[in-house]
Amino acid sequence: MKGYSITTLNEFIIRRQANIPYAKGELSRLLHHIGIAAKVVNKKVNKAGLVDVLGEAGNINVQGESQQKLDVFADMQFTAALSDSGECCGIASEENQEIITFDDDLSKDGKYIVCMDPLDGSSNIDVNVSIGTIFSIYRRISPRGDKAQLIDFLQEGNKQIAAGYIIYGSSTMLVYTTGQGVNGFTLDPSIGEFCLSHPNIKTPETGSIYSLNEGNYLKFPEGVKKYVNYCKEEDKSTKRPYSLRYIGSLVADFHRNLLKGGIFIYPETASSPKGKLRLIYECNPIAWIAEQAGGKASDGKNRILDIKPETLHQRTPFYTGAHGMVEKVESFI
Ligand code: AHM
Ligand code: MG
């Protein structure tokens, strides 16, 4: 009987490294550590409901450990993995107001910084709906050997070295890019490895799904209202009316649209004039993946990846997905 061949995430990362001249393996090690943290967080996410039940009395579970909220747990796990890698001198996370610098000699010498949303869509945890982790890696600007500084984190998205997300869904997947296309790996729980399942992902040029929180319709800008109405109009030649699909978990909404063809919109609204989503650890990594898969990402007018961040937790309106659909909504705006 012939065995079947699989490509694990680590093997893939190492093969890719060979394509980059002078690569010394630092980025590969960093990605490898992100993969490990993803597996640990995945295990915890899978047990979330169970742990909550067991932990009800005084928030202490049967092992005597105090309960942590999953997003705090994910933040700690990814922070530890990045610190352990020795390749990363600091991180910015949705969970922390300020940047965190790793000040041991090895990490201070690290070339990279990481921006992350350790557990996005966390309002979905309690109801067993898909959630995700988003990450983005940059080469530092400050000199190696020094502490990481804020300027290392306020770089345009077009300077990203690697970006990706993990979706904890009906199966767990890690999707990432280093600027040579987008590849997806599904976690095979029986062997505990992310295995290449979606090589060279390309998103359809146009699609028939639109994803946004339409409950906010009355607060949308006029152009977005017009686009929403356009999505609902009957026109067989453009497959309209489109289907509305909205999970309320950016990673899950984006991932579905990436594979099936669609647009994700989180616009500015009357109550959030800058939108809701954060530029550096939510929009930039997703935008780069969209572009690498042949799609598009904008704030309605400008390319997301060209926006110069001014603050760590800066928000931006976000329109991303199939190229043709993002162009269309921009034409309404
Ligand atoms: P979070 O970072 O607090 O989890 O919020 C981000 C999430 C995204 O995953 C999702 O796209 C959006 O918030 C949903 O917001 P809303 O509930 O306003 O539709
Ligand atoms: Mg988030």
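Indexing begins at 1, ligand by ligand and atom by atom, following the structure's order.
- Both cation-pi conditions hold for Lys44 and Phe73: the charged atom is under 6.0 angstrom from the six-membered ring centre and inside a 45 degree cone around its axis.
- Judged by distance alone, the side chain of Asp117 and the main-chain N or O of Glu94 form no donor-acceptor pair under 3.5 Å.
- For atom 4 (O) of ligand 1, the closest heavy atom belonging to the protein is Gly121 N, 2.8 Å.
- Contacts between Phe318 and ligand 1, counted as non-hydrogen atom pairs separated by less than 4.0 Å, are absent for every part of the residue.
- Atom numbering of ligand 1 starts at 1 in the shown order; those under 4.0 Å from a heavy atom of Asp117 are 2 (O).
- Of all protein heavy atoms, the one closest to atom 6 (C) of ligand 1 is Asp120 OD1, 3.3 Å.
- Atom 11 (O) of ligand 1 has its closest protein heavy atom at Leu250 N, 3.4 Å.
- For Asp120 atom OD1 and Asp117 atom OD2, the angle they make at the Mg ion (ligand 2) is roughly 90°, to 10 degrees.
- Nearest non-hydrogen protein atom to atom 19 (O) of ligand 1 is Tyr246 OH, 2.5 Å.
- Among pairs with a residue in residues 275-286, those fulfilling side chain to side chain donor-acceptor pair (under 3.5 Å) read Tyr281-His313, at least two apart in sequence or across chains.
- No hydrogens or angles considered: a donor-acceptor pair under 3.5 Å links the side chains of Thr101 and Asp103.
- Looking only at protein heavy atoms, the nearest one to atom 13 (O) of ligand 1 is Lys276 NZ, 2.9 Å.
- Ligand 1 lies within reach of Glu282, whose nearest heavy atom is under 4.0 Å from it.
- The distance from ligand 1 to the heavy atoms of Ser249 drops below 4.0 Å at these ligand atoms: 9 (O).
- Shown in contact with Asn213 at under 4.0 Å from a heavy atom are these atoms of ligand 1, numbered in order with element: 16 (P), 18 (O), 19 (O).
- Each of Arg240, Lys226, Lys239 was evaluated against Glu233; a single residue qualifies, Arg240, per the salt bridge (Lys or Arg N to Asp or Glu O under 4.0 Å) test.
- The shortest side-chain heavy-atom distance between Leu312 and Glu98 does not fall under the 4.5 Å cut-off.
- Considering only non-hydrogen protein atoms, atom 18 (O) of ligand 1 sits nearest to Tyr266 OH, 2.6 Å.
- What sits closest to atom 3 (O) of ligand 1 on the protein, heavy atoms only, is Glu94 OE2, 3.6 Å.
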